[in-house]
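First the structure, in the form of structure tokens, and then the observations on it.
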Amino acid sequence: MNDIALETKNLVKNFGAVTAAKDVSIAVPAGAVWSLIGSNGAGKTTFVNMVTGYLHPDSGQILFQGRDITRLGPRTITRAGICRSFQIPQLCGELTTIENVLVAHAINRSATPSFFRRANETEEMGRALALLERFKIAEYRNRLMGELPAGVRKLLDIAMAMTGEPKVILLDEPTSGVATEEKFPIMDLVMEALSAEGVTTLFVEHDMEIVTRYSERVLAFYDGRIIANDAPNEVLSDPQVQRYVTGTPLTAS
Amino acid sequence: MDLLLVILIDGLIYGAWLFIVSVGLTLVFGVLGILNLAHGSLYAIGAYAAASAVGLYFTLGGDVFPLGSYAAMILAALLVAVVVAPILERGLLRHFYHRDEVLGVLVTYGVFLILEDVIKLIWGVEPLFVFEPYDLLGTIEAGPLFYVAYDFLVIAAAVVTGILVWYFLNGTNRGKVVLAVIHDREMSQTMGVNVDRVFMLAFGAGVFLAALGGALTAPMISVSPGIGVNVIIVAFAVIIIGGLGSIEGAALGAVMVGIARAASVHLVPELELFIIYFVMAIVLVFRPEGLFVKTQTRKI
Amino acid sequence: MEKSPVLVAAVTLTGLIVLGFALPDWAQFLMTIALAKGLVSLGIVAGMRCGVVSFGQGLYFCLGAYTAGLMSRWTGVTDVFLLTFLSVIVAGGVGVIFGPLLSRYRGIFFAMLSLSLSMILFGALAKTTSLGGTDGVNVAAPTFAGYAPEGGALATALYLFIVTVTVIIGTVMRIVFDSQSGLVSLAVRSNELRVEYLGSSANGIVAVSYVIAAILGGVGGVVTALAIGHVDPEYAFWTTSGEFVFVAILAGYLSIPAVFVASIVLEVVRSFSNLYFPNTWQLVLGVFLLVVILVRPDGIGSIKLWRRRESAGAAEPSA
Ligand SMILES: Nc1ncnc2c1ncn2[C@@H]1O[C@H](COP(=O)(O)OP(=O)(O)O)[C@@H](O)[C@H]1O
Ligand SMILES: [Mg+2]
């Protein structure tokens, strides 16, 4: 029981007539790496939003290490130990790369950061730089967000999520919008960092090669429901998944 | 029972006035995304222009047909819109359409400062009085009470304004385009709406409505510098109650504030000044963005 | 190496004190008013750093001013230090009440709701005859820990007081702006969703900045009231608040001295146009404001003023 890191029970979420989640129930063991697949609008982001408190389900329950977090907001959930990255990276556009990390570290240190401790004191700069180096984006440290290549934004977005030292992390499309040849290097960096700390990981992904390579188990979403929940090979050969998600036609009907 | 009637009538009169001075503000915000802090100055210009027009009308022998002074007032408001709206909209505001809304507030604050002095330069600092149109219709007896008939003219004007605006928006093609822009500015642009034209039209209408509010008020007050500075405050409260950009909201907000104020004048006069904020606070507690605006979560 | 803020403060203070003795009386008075009002605008700047612009700082300016006026009238307290302390309590206390309420709003809602609050105070004061109604109240000449100067000496003493207060507050605010908390404010301004997802409360940060602004507004109000010797409800009128915003916009949110320079510029423009164009001073101000907004090279877009560029883009990436 205790080694279930994250559990959802019968999550339902409707937006007007649109069903974005219906009976979504999963139980993720601590340390697992799972992926979420599904076509656009299938409800993957909605699931991430509900788990991290941005949206609240109409009904159902979310448990983190056995504790009910269904009604909590992003701030409390983050501090409890669930962090996330975003489909479109959420960075502070008026700040430089390293300042973004300084912000993350400052908040991680205390929810009400110091009024007198200099933001750019040597020790803090060193910590921030170390994080950027770990993700191999230190060369961009003095750039504003608008000047960063897509892959660097993605990495910075994830790096900032990781400053919260999460137990569970949800990555929403970590490789979308970056060139194909950059996808594997990005995933290698991210997964290495996450597994080094044993973080339970759920990531949304459209590239099935990445899904098979990095995840132990796959959740396939369609119309707000989970239509398959199994090892990658099983899920990818499931006819329903092929029909609704991966688009590999069984027949030419 | 009488007291209730009095409160209702007074409330409707004040609410009617509030609606006329607020509807242009909310329309302009809904379409252009600019909260026009100079709205009160445009109201003042309307009042001055109407005072001058009525004065001129009677000087030119309007005594033979005094009711014509009402036409003079409306024409004055129209003239203000035709002259002022294009200058402001084409010359200044269009540079700020897709920018931060607070920037719009600052820009129109600058316009407010300029217009306040322009009014003094044109009309001087001595007050103007044009009571003729106010007294023209005599009084009306409502039970034991007497009302100046002109006050009911204001209600009529508000109703007509409301119906015309409503009909324009819902009954005409051009109006439906305006509604589409209010609903989703970016979307309508990509759908090929000539947004520039809609903006000009809406701003022109907004200026006209502000000026009309001033014109209708001119016979009831002494028209003097500074009459516009408070108008923006009450008008803002009304449209925030209704929801920024919502015409129906402005109407409902105006009636609510009007009746609440009348009630406080008769029951607890000390609170008269605060009642408007009181209504606003109550509404915002339950509807953070006003009655007719639904709070939406941004997709992330 | 960076200059030590304390050293900068000491040099600035010495310079301003010397300047005070060199200035003619009218200019010394103008400086006193400009610095006091500059403090109010500095509070707005603190809000701008978290992405909100308060159009209602007249509320706190007025509270501070009336605290001075009414204390001297009711209790005979004229000590400048005590009055300033009391104003900080009053303005800060009211800020603590409204800060959390307003911090749920952003953009024009924040601007206009803060404006409405100041108009409530305006209305209340104008209606309350026991507080002088629209005429306001006179403020007794201040004393300085027992020292009770008169005439020119009084003006100079007040000048020295505001100069000292300004330099101290300016230095503290520089330290706060450069602190971790200051950087997080800028993050709120840029992307508060991220701040929430890092585990801090964007509304909380906005609320804190609002309370700071309230306190600065109160201090500015006390000194202005003492210098002028009179307070009236106009202190809370929205057009008064508008001028504070004007100065904050003119100065931008990066440099603290710029706020005071902008405030001095405004007071100079006001004095001269009062002298030469008594009826068009607002017109001059309005044109000035529009020109500032229109000619800002990178446009002030989302009020993104004077963003420092030295650390951005300019620095070559070192491989
Ligand atoms: N905030 C929202 N308001 C209204 N509808 C939404 C909102 N967020 C998501 N939806 C709808 O819910 C459905 C699922 O969306 P989403 O979870 O973003 O899908 P995915 O991430 O799998 O592409 C879509 O039809 C989308 O339009
Ligand atoms: Mg998605």
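Order of the sequence lines sets the chain letters (A, B, ...), proteins ahead of strands, with each chain counted from 1.
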State the CD1-NE2 distance between C:Ile293 and B:His95, to the nearest 0.5 angstrom. 12.5 Å
Hey, does the side chain of C:Tyr105 reach the backbone of B:Glu289 with a donor-acceptor pair shorter than 3.5 angstrom? no
Go through the steps for B:Asp117 and C:Phe277 under the test side chain to side chain contact (heavy atoms under 4.5 Å, CB included), then give the verdict. CA-CA 11 Å; B:Asp117 277 351; C:Phe277 331 95; over 6 Å; no
Counting only non-hydrogen atoms closer than 4.5 Å, does C:Ala126 touch chain B with its backbone (N, CA, C, O), its side chain (CB onward), both, or neither? neither
When the 4.5 angstrom heavy-atom criterion is applied to C:Leu283 and chain B, the contacting part is both
Considering only heavy atoms from C-beta outward, does the side chain of C:Thr280 approach that of B:Lys120 to under 4.5 Å? no
Largest heavy-atom contact set with chain B, pairs under 4.5 Å, which of C:Phe246, C:Phe288, C:Phe237: C:Phe237
Return the minimal non-hydrogen interatomic distance between B:Tyr277 and C:Ser116, and the atom names on each side. CE2-CB, 3.7 Å
May I have the step-by-step check of side chain to side chain contact (heavy atoms under 4.5 Å, CB included) for C:Ile108 and B:Leu244, ending in yes or no? CA-CA 10 Å; C:Ile108 46 175; B:Leu244 295 183; 3.6 Å; yes
Contacting moiety of C:Leu101, where chain B heavy atoms sit under 4.5 Å: neither
In terms of heavy-atom pairs under 4.5 Å with chain C, which of B:Leu284, B:Val107, B:Leu113 leads? B:Leu113
Name the option with the most non-hydrogen atom pairs under 4.5 Å to chain C; the candidates are B:Ile300, B:Ile233, B:Val105, B:Leu35. B:Ile233
Among C:Val52, C:Val245, C:Thr239, residue most engaged with chain B (heavy-atom pairs, under 4.5 Å): C:Thr239
With a 4.5 angstrom heavy-atom cut-off, could you sort out which part of C:Leu193 is near chain B: side chain, backbone, both or neither? side chain
Measure B:Ile240 against the heavy atoms of chain C and call it side chain, backbone, both or neither at under 4.5 Å. side chain
Could you check B:Phe236 against C:Trp238 for ring pair (Phe, Tyr, Trp, His ring centres under 6.0 Å), going step by step and ending with a plain yes or no? CA-CA 13 Å; B:Phe236 170 73; C:Trp238 70 272; over 10 Å; no
As an exercise, state the distance from CG of C:Leu285 to CD of B:Glu116, rounded to the nearest 0.5 Å. 12.5 Å
Answer with side chain, backbone, both or neither: which region of C:Leu290 has an atom nearer than 4.5 Å to a non-hydrogen atom of chain B? side chain
For the pair B:Leu37 and C:Met112, evaluate side chain to side chain contact (heavy atoms under 4.5 Å, CB included) and give the outcome as yes or no after the intermediate values. CA-CA 10 Å; B:Leu37 276 193; C:Met112 297 305 286; 3.7 Å; yes
Heavy-atom contact with chain C under 4.5 Å, split by part of B:Glu272: side chain
Just wondering, more than 12 heavy atoms not from B:Phe129 lying within 6.0 Å of its CZ? yes
What closest approach, in Å, do C:Met119 and B:Asn230 show between heavy atoms, and which atom pair accounts for it? CE-OD1, 3.7 Å
In terms of the angle between their ring planes, are B:Tyr109 and C:Phe55 parallel, tilted or perpendicular, with boundaries placed at 30° and 60°? perpendicular
Residue pair B:Leu273, C:Lys127: steps toward the side chain to side chain contact (heavy atoms under 4.5 Å, CB included) verdict: CA-CA 9 Å; B:Leu273 261 161; C:Lys127 279 261 159 165; 3.0 Å; yes
Contacting moiety of B:Pro288, where chain C heavy atoms sit under 4.5 Å: both
Go through C:Leu289, C:Leu117, C:Ile120 and name the one with the most non-hydrogen pairs under 4.5 angstrom from chain B. C:Ile120
